[in-house]
J.: 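Pasting a structure here, questions to come.
Since the model is a prediction, treat every value here as computed from it, not as a measurement. Only this structure's heavy atoms are used, side chains among them; waters, hydrogens and symmetry mates stay out. Atoms within each ligand, like the ligands themselves, are counted from 1 in listed order.
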Amino acid sequence: MSRALCSEKIMDAIENMSFKGQYLNHTSYGNGHINDTYLVNFQKDEVVIPYILQRINHQIFKNPEALMHNIVAVTSFLKEKITLRGGDVNRETLNVIPTKEGAFYYKDGLGNYWRSYAFLTDTICYEILDNPELFYQSAYAFGNFQKLLSDYPADTLSETIPDFHNTPVRFQTFVEAVKADVCGRAHLVQEEINFVMEREAFTHILTDKLLKGDLPLRVTHNDTKLNNSMFDTATNKPICIIDLDTVMPGLSVNDFGDSIRFGATTGAEDEPDLTKVNFDLNLFESYTKGFLEGCGGNLTEEEINMLPIGAMTMTLECGMRFLTDYLQGDTYFHVHRDGHNLDRCRTQFKLVSDMEKHFDTMNQIINKYR
Ligand code: ADP
Ligand code: GN1
Ligand code: MG
């Protein structure tokens with residue numbers, strides 16, 4: 001989409017949302033890799049009202065209608081639980097702002113899907129942190145999110161991305177991308193390709209356990225990055241779990257693992273200097289403690305046993321997905337520079353190597369808090 005057209009389409013979407021007051025301005029917002037996110041400001045009676053407007057990435061989410069149905073159903077369910085615990089439904093879950101026609105999304109003339117949320121004011125979104133206490137808090141929130149959804153009727157949820165965390169399927173897609181090599185980049189990343197190939201057997205551990213019934217299928221978030229939890233500026237504790245596009249049946253250990261790969265590190269996900277990227281066992285310990293407490297005794301023995309494998313699987317899978325996207329020409333994740341996906345892939349593989357070295361210590365930490 002060209003910039004001018006894009007701006008015109010954004011204004012069209014804004015006009016179709018039931019925002020209150022007069023339009024002031026809008027700007028690109030956040031660091032999500034998938035959707036196009038905007039902050040839109042309106043003014044009513046001298047008060048500025050901010051909104052989040054998102055163009056849903058419908059190349060990735062093929063059925064935005066079913067996706068929005070999931071989100072509205074899940075947030076309604078969460079609101080009942082939040083009310084029961086005496087919480088604030090306007091701050092502790094996402095609130096979809098309907099279109100002027102009362103729908104949960106707006107489809108424009110070009111086939112783009114737009115949705116809007118109330119903006120969570122007085123919150124901070126951390127992209128990276130080195131503070132174990134804050135990471136503990138994030139872990140508690142993601143664990144508790146899963147606990148709150150433990151009695152959600154899973155069969156009513158649509159699978160918004162099929163095989164999202166099916167790591168062996170991700171491996172196959174990666175192998176096909178290497179074979180096809182549509183951009184002629186494979187020769188540049190032979191070391192990274194070998195890194196994945198050597199770990200094929202590892203990619204099957206969790207899916208095999210799921211098939212055998214050793215791990216339960218639960219309703220999970222599936223994208224538990226630190227920047228998908230919003231911290232309250234007043235308390236510096238997470239107030240709301242966001243980015244609910246991938247809430248669907250999944251494995252609890254993957255929710256644990258996805259947070260670890262993004263957060264239990266000394267470097268950013270896309271840090272080009274790998275000497276700055278190390279697996280941080282202190283942060284791992286804080287997250288473990290918080291997640292197990294947040295899950296509130298809901299996890300089985302085997303789920304707890306598998307937490308370190310979950311961390312390694314999600315880190316390897318994510319690195320493999322970045323590498324696949326690099327090979328396929330950067331069509332999935334938003335990129336902001338040449339080689340961006342390759343830098344991201346390398347940080348993940350660095351962390352996998354570190355985790356392999358510290359596997360015994362990870363297990364000892366898990367045993368301390370089980
Ligand atoms: P993506 O799927 O692209 O990651 P997200 O839904 O996570 O999109 O949104 C991207 C970023 O926008 C978030 O990391 C957060 O910083 C910000 N954001 C999203 N929703 C809200 C909200 N309701 N209030 C305030 N900020 C938000
Ligand atoms: C994407 O949407 P965002 O930026 O929170 C991706 C995750 C990856 C992550 C890597 C729907 O998350 O699966 O782990 O990037 N989301 C989707 O940073 O693919
Ligand atoms: Mg996000």
J.: Counting only heavy atoms, which portion of F164 has something under 4.0 Å from ligand 2: side chain, backbone, both, or neither?
T.: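 Under 4.0 Å from ligand 2, F164 contributes side-chain atoms alone.
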J.: Can you tell which part of H33 has a heavy atom less than 4.0 Å from ligand 2: side chain, backbone, both or neither?
T.: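 Under 4.0 Å from ligand 2, H33 contributes backbone and side-chain atoms.
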J.: Looking only at heavy atoms, which two atoms of Q328 and T331 are closest? And how far apart?
T.: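 Scanning both residues completely, I find the closest heavy atoms to be O-CG2, 3.9 Å.
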J.: With heavy-atom distances below 4.0 Å as the criterion, list the atoms of ligand 2 near F61.
T.: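 What qualifies from ligand 2 is 11 (C).
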J.: Is any NZ, NE, NH1 or NH2 atom of the basic residue among R337 and D343 found under 4.0 Å from an Asp or Glu carboxylate oxygen of the other?
T.: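 Judged by the 4.0 Å cut-off on N to carboxylate O distance, R337 and D343 do form a salt bridge.
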J.: Of the side chain and backbone of R344, name the one, both, or neither that has a heavy atom under 4.0 Å from an atom of ligand 2.
T.: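 None of R344 does.
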J.: Look at D243 together with K225 and state whether they make a salt bridge at an N to O cut-off of under 4.0 Å.
T.: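 K225 and D243: not salt-bridged.
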J.: Taking ring-ring contact (aromatic ring centres under 6.0 Å, His included) as the test, write out the residues that go with H187, two or more places apart.
T.: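 Residues passing ring-ring contact (aromatic ring centres under 6.0 Å, His included) with H187: none at all.
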J.: Salt bridge or not between R115 and D245? Use side-chain N to carboxylate O under 4.0 Å.
T.: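 Yes.
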J.: If we only count N/O pairs under 3.5 Å, is K225 in contact with ligand 2?
T.: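 Yes, there is a polar N/O contact under 3.5 Å.
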J.: Under 3.5 Å, which donor-acceptor pairs link side chains of residues 357-367 to any protein atom two or more places apart or in another chain?
T.:
| from | atom 1 | to | atom 2 | distance (Å) |
| --- | --- | --- | --- | --- |
| N363 | ND2 | F359 | O | 3.3 |
| N367 | OD1 | R370 | NH1 | 2.8 |
| N367 | ND2 | N363 | O | 3.3 |

J.: What residue and heavy atom of the protein are closest to atom 8 (C) of ligand 2, and at what distance?
T.: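 Its nearest protein heavy-atom neighbour is R321 NH1, 3.9 Å.
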J.: In the protein, what heavy atom is nearest to atom 1 (C) of ligand 2, and what distance, to one decimal place, separates them?
T.: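 Residue, atom and distance for the closest contact: I34 CG1, 3.7 Å.
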J.: Among side-chain atoms of T315 and Q348, is any donor-acceptor pair under 3.5 angstrom?
T.: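 Judged by distance alone, the side chains do not pair up.
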J.: Considering only heavy atoms, does D245 approach ligand 2 within less than 4.0 Å through its side chain, its backbone, both, or neither?
T.: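 The answer is neither; D245 stays 4.0 Å or more away.
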J.: Any ion pair linking E269 and R261 (charged N to carboxylate O, less than 4.0 Å)?
T.: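 Between E269 and R261 there is a salt bridge, with a charged N closer than 4.0 Å to a carboxylate O.
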J.: To the nearest 0.1 Å, how far is atom 19 (O) of ligand 2 from its closest protein heavy atom, and which atom is that?
T.: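 Protein heavy atom with the smallest distance to atom 19 (O) of ligand 2: Y332 OH, 2.5 Å.
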J.: Within the 4.5 Å heavy-atom criterion, are F195 and R199 side-chain neighbours or not?
T.: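 Of all side-chain heavy-atom pairs linking R199 with F195, at least one is under 4.5 Å.
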J.: For distances below 2.8 Å, what is the count of protein N, O or S atoms around the Mg ion (ligand 3)?
T.: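 The number of such protein atoms is 2.
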J.: For the residue pair L67 and Y113, establish whether any side-chain heavy-atom pair is separated by less than 4.5 Å.
T.: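 The answer is no; the side chains never approach within 4.5 Å.
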J.: What I'd like to find out is whether the side chain of N341 reaches to under 4.5 Å of the side chain of L323, using heavy atoms alone.
T.: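 When only atoms from C-beta onward are counted, L323 and N341 do not touch, as no gap falls below 4.5 Å.
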J.: Near D243, which atoms of ligand 2 are under 4.0 Å from a heavy atom of that residue?
T.: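 Atoms satisfying the 4.0 Å criterion: 2 (O), 3 (P), 5 (O).
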J.: Quick check with a 6.0 Å cut-off and a 45 degree axis cone: is R321 positioned over the face of F333's six-membered ring?
T.: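 Ring-cation test returns no.
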J.: Mind checking whether D223 has an N or O less than 3.5 Å away from an N or O of ligand 2?
T.: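 For ligand 2, there is an N or O atom that lies under 3.5 Å from one belonging to D223.
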J.: Please could you name the atoms of ligand 2 that G32 approaches to less than 4.0 Å, counting only its heavy atoms?
T.: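 Counting atoms of ligand 2 from 1, those under 4.0 Å from G32 are 4 (O).
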J.: Please list, in number order, the atoms of ligand 2 under 4.0 Å from a heavy atom of N228.
T.: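 What qualifies from ligand 2 is 5 (O).
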J.: Do you know which two heavy atoms are closest between S252 and Q146, and how far apart they sit?
T.: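 Closest approach of S252 to Q146: CB-OE1, 3.0 Å.
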J.: Please say which of Y117, Y38, F119, Y51 ends up in a ring-ring contact (aromatic ring centres under 6.0 Å, His included) with F19.
T.: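 That would be Y51.
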J.: Just heavy atoms, cut-off under 4.0 Å: does R261 contact ligand 2 by side chain, backbone, both, or neither?
T.: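 Side chain only; the backbone of R261 stays clear of ligand 2.
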J.: Tell me yes or no: between the side chains of E293 and Y136, is some donor less than 3.5 Å from an acceptor?
T.: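 Their side chains do contain a donor-acceptor pair, which is all the 3.5 Å distance test asks for.
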J.: Just the distances, no angles: every ligand 1 N or O to protein N or O pair closer than 3.5 Å, one line each.
T.:
| from | atom 1 | to | atom 2 | distance (Å) |
| --- | --- | --- | --- | --- |
| ligand 1 | 2 (O) | N35 | ND2 | 3.1 |
| ligand 1 | 2 (O) | D243 | OD1 | 3.3 |
| ligand 1 | 2 (O) | D243 | OD2 | 3.0 |
| ligand 1 | 3 (O) | I34 | N | 3.3 |
| ligand 1 | 3 (O) | N35 | N | 2.9 |
| ligand 1 | 4 (O) | D243 | OD2 | 3.0 |
| ligand 1 | 6 (O) | Q54 | NE2 | 2.9 |
| ligand 1 | 7 (O) | N228 | OD1 | 3.0 |
| ligand 1 | 7 (O) | D243 | OD2 | 2.9 |
| ligand 1 | 8 (O) | Q54 | NE2 | 3.4 |
| ligand 1 | 9 (O) | Q54 | NE2 | 3.3 |
| ligand 1 | 14 (O) | N227 | O | 3.0 |
| ligand 1 | 23 (N) | A118 | O | 3.1 |
| ligand 1 | 24 (N) | L120 | N | 2.9 |

J.: Pick out which of I128, L351, L226, T224 makes a side-chain contact (heavy atoms from CB on, under 4.5 Å) with F262.
T.: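 For F262, the side-chain contact (heavy atoms from CB on, under 4.5 Å) test succeeds with only one of I128, L351, L226, T224, which is L226.
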J.: How far is atom 18 (O) of ligand 2 from the closest protein heavy atom, and which atom is that?
T.: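 Of every protein heavy atom, E269 OE2, 2.5 Å lies nearest to atom 18 (O) of ligand 2.
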